[in-house]
Amino acid sequence: MEWTSAITATSMGASVPWPSLAPYDDGVTATDPIAELRSAVNQAARALRDGELTGPEPSLDCPPKPELGDYSSNAAMLLAAPLGEKPHDVAVRLGAELERELGGGESIDRIEVAGPGFVNLFLSDPWYRRAMASLAGAGERLGPTPTDSPERVLVEFVSANPTGPLHVGGGRHAAYGDALTRLLEAAGHEVQREFYVNDAGGQVERFAASIAARMSGGEMPEDGYEGAYVAELAERLGAEGVDPADSDLVGRRGVKLVLEEVRATLDRFGVHFDNWFSERDLYARGEVDAALGRLDRAGHTYKSEGALWLRTTEFGDDKDRVLIRAGGKPTYLAADVAYHWDKLERGFGRLIDVLGADHHGYAPRLRAAIAALGADPDAFEAPIMRLVHIVEGDERAQMSKRSGDFVSLDELIDDIGVDAARWFMLWRSHDTPVDLDLELARRESSDNPVYYVQYAHARIASILRKAGEGAERASADAGALTPGTSLQPTEKALIKRLLEFPDEVREAAARRAPHRVCAYSTTVAADFHAFYRDCQVVGAEGEGVERSRLALCLLTKRTIAGALGLLGISAPERM
RNA sequence: GCCCCCGUAGCUCAGUGGACAGAGCGACGGCCUUCUAAGCCGUGGGUCGCAGGUUCGAAUCCUGCCGGGGGCGCCA
């Protein structure tokens with residue numbers, strides 16, 4: 001028996017596709033209306049095959065048009081081949097079985113067979129009432145039930161070189177990494193957020209030399225840092241009495257000051273790290289030597305041309321990589337091997353490194369290095385972030401205002417605000433470039449998708465204010481209400497949409513895809529606005545109708561706030 | 001040359017096996033004595049890069065090709 005319930009099957013997502021371990025009728029909570037439907041479909045399908053079922057799990061979808069029902073399943077089409085019957089005939093029998101399974105007319109208005117063999121379910125108002133009750137029962141904490149296989153996840157992101165302010169690209173890393181950690185936590189994982197500080201090595205030396213040159217009026221080093229902030233740093237260090245000749249001190253102070261800036265910017269952006277991990281400390285604690293020793297003992301290193309190499313080709317890389325240069329200096333990879341070994345030693349079962357597009361070639365060798373250390377390379381993931389382009393109307397804005405001076409995240413926040421900035425960095429998949437249109441992002445109108453969603457939330461808040469304290473009581477007994485009038489199509493559509501939220505969060509977490517939450521929250525807002533158009537809430541006619549609709553408003557408000565919260569975007573009470 | 005990502009509406013993009021392919025922007029036309037018009041409704045707009053293959057069914061999976069971007073350092 002290979003089937004699993006959708007609840008368990010999808011909970012772990014991409015890396016562990018179903019079939020998973022649990023039998024398919026486990027994990028279904030009686031109060032989850034979607035899980036009940038799935039379970040019923042599975043049971044009905046199994047009944048047609050005398051309990052012997054293998055193969056793909058039947059779907060439970062929303063049909064493209066309302067005339068095709070509230071939910072549909074492809075189960076009959078999947079069963080047609082093994083049963084040796086026509087899909088349509090199987091669908092008819094399945095429909096009858098399903099009707100029994102769901103207790104006759106209690107939940108189901110009718111079942112139809114359509115198209116190539118879809119079984120379409122038309123659900124009753126009582127079913128929708130119960131669905132609302134189950135949502136209300138979740139209280140403030142909407143979203144998925146925690147995964148039954150939680151992981152300890154370390155998400156390393158931003159990790160920008162501490163040699164200058166964060167630019168918009170770093171902002172996208174920050175928004176993505178932060179939203180990802182929120183999603184993973186919502187899915188039930190234990191998450192740490194970490195910023196790796198590259199405070200050792202060549203670029204810091206060059207940075208120090210650049211500051212020193214500004215301080216002493218000396219020669220700028222080749223590939224030095226030109227930005228105006230370098231001059232400011234030089235001034236501050238001068239005021240502190242730092243000797244420009246003490247390059248080690250200049251570097252350390254410069255890095256410290258830059259990191260304070262970076263931290264302040266991230267703070268303002270709503271991104272907070274649990275840990276700032278210093279590369280310099282890694283060396284100081286001897287971890288680099290220890291990691292290299294471990295690789296050496298495992299027989300994965302060799303000397304050639306005066307350098308120490310790691311045999312990454314044994315683990316899928318396309319060429320071997322240098323760990324210690326001929327001159328005796330360790331490479332960046334050497335430190336990173338030690339760093340990732342440290343992560344594993346700290347007990348993390350999953351390591352997610354959010355990398356920039358320009359580092360994507362780095363992932364295979366890091367994966368190889370992890371394997372060489374004797375760890376499971378599949379524990380390592382590296383989502384690749386594509387670039388952010390700043391666009392203004394039709395014009396491509398200059399990425400650099402002054403040579404070497406990128407548009408900073410602070411400037412962007414000053415311009416469009418934190419909510420819009422986060423939204424526009426998250427609403428596209430991380431592996432597609434973003435054109436951030438300042439003109440659109442600044443606009444305070446429905447054209448601007450972030451305000452579109454926030455406005456729905458504020459509108460609901462306004463309705464609830466108008467309704468007063470009745471709104472509070474409405475949520476408590478939403479499902480028990482049986483108004484004299486039947487539910488409007490837009491009410492049903494909205495309820496269905498809210499029911500999707502847990503699956504959306506699970507999927508978004510499993511696929512490392514916060515942009516799905518943007519798309520979802522937009523559709524919730526759209527469904528709400530349609531409901532608002534069709535259905536008077538306060539003062540609605542009919543026994544219990546007002547309270548029922550107030551309850552729906554409250555549930556929608558919680559869902560939108562929950563979705564925006566996962567994105568780190570505020571849900572305003574008024575706009 | 002090898003590796004990775006991408007190619008869907010005029011633009012920017014959702015959509016990793018299901019029913020006539022979606023959203024936002026842009027264009028055009030309607031709707032405010034009524035719970036927020038930061039809203040709603042309607043119109044126009046697509047050979048899902050191309051060609052094969054797998055499948056009852058493909059934008060989605062496989063192969064090849066074309067086009068765009070990125071990466072292939074004893075830089076980080």
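Predicted, not measured: the structure shown is a model, and the values here were computed from it. Chain A is the first sequence line, chain B the second, and so forth, proteins listed ahead of strands; every chain is numbered from 1.
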Before accepting this row, confirm whether a basic side-chain N of the pair [X]/[Y] lies closer than 4.0 Å to the acidic partner's carboxylate O.
{"X": "K343(A)", "Y": "E194(A)", "result": "no"}
{"X": "D248(A)", "Y": "R252(A)", "result": "yes"}
{"X": "D318(A)", "Y": "R365(A)", "result": "no"}

Ignoring hydrogens and angles, tell me if any N or O in the side chain of T312(A) forms a donor-acceptor pair with the backbone of K319(A) under 3.5 Å. yes
Between the side chain of R497(A) and the main-chain N/O of D527(A), is any donor-acceptor distance below 3.5 Å? no
ring-ring contact (aromatic ring centres under 6.0 Å, His included) with [X]: which residues, sequence neighbours excluded?
{"X": "H430(A)", "answer": "Y176(A)"}
{"X": "W341(A)", "answer": "none"}
{"X": "F277(A)", "answer": "Y339(A)"}

Candidate nucleotides [options], ranked by approach to the side chain of [X] - the nearest:
{"X": "F118(A)", "options": "A76(B), A19(B), C35(B)", "answer": "A19(B)"}
{"X": "L68(A)", "options": "C35(B), C40(B), A19(B)", "answer": "A19(B)"}
{"X": "Q203(A)", "options": "A19(B), A76(B), C56(B)", "answer": "A76(B)"}
{"X": "R516(A)", "options": "G15(B), C13(B), G18(B)", "answer": "G15(B)"}
{"X": "I463(A)", "options": "G18(B), A14(B), C35(B)", "answer": "C35(B)"}
{"X": "N198(A)", "options": "A76(B), C35(B), C74(B)", "answer": "A76(B)"}
{"X": "Y452(A)", "options": "C74(B), C40(B), C13(B)", "answer": "C40(B)"}
{"X": "K466(A)", "options": "G18(B), C35(B), C5(B)", "answer": "C35(B)"}
{"X": "Y532(A)", "options": "C35(B), A14(B), G18(B)", "answer": "C35(B)"}

Is any N or O donor-acceptor pair between the side chain of S72(A) and the base of A19(B) shorter than 3.5 Å? yes
Hey, does the side-chain of N120(A) have a donor or acceptor N/O within less than 3.5 Å of a partner on the base of A19(B)? yes
Give a yes/no answer on whether the side chain of H430(A) brings an N or O atom under 4.0 Å of OP1 or OP2 in C5(B). no
Check whether any side-chain N or O of R459(A) sits under 4.0 Å from OP1 or OP2 of A38(B), and answer yes or no. no
Canonical and wobble pairing (Watson-Crick, G-U, under 3.5 Å) of RNA chain B, dot-bracket with |: ((((((((.[[[[.)..(...]]]].(((((.......))))).....[[[[[..)....]]]]])))))))....
Donor-acceptor pairs under 3.5 Å, side chain of residues 528-538 of chain A to any protein atom, not counting sequence neighbours: which ones?
from, atom 1, to, atom 2, distance (Å)
H529(A), ND1, R459(A), NH1, 3.0
D534(A), OD2, T490(A), OG1, 3.3
Q536(A), NE2, V538(A), O, 2.9

Assign each of A307(A) and V119(A) to its nearest nucleotide of RNA chain B by heavy atoms, then name whichever residue's nucleotide is nearer the 5' end. V119(A)
By nearest nucleotide on RNA chain B, pick out whichever of A326(A) and R533(A) is the more 5' one. R533(A)
A27(B) and G68(B), which share atom name P, separated by this distance in whole Å: 31 Å
If we take the P atom in both G15(B) and A19(B), what is their distance in whole Å? 16 Å
Can you establish whether the number of heavy atoms outside E541(A) located under 6.0 Å from its atom CD is more than 12? no
Pairwise N/O distances under 3.5 Å, protein to nucleotides 67-73 of chain B:
from, atom 1, to, atom 2, distance (Å)
G70(B), O2', A357(A), O, 3.3
G70(B), N2, H360(A), NE2, 2.7
G73(B), OP2, K319(A), NZ, 2.8

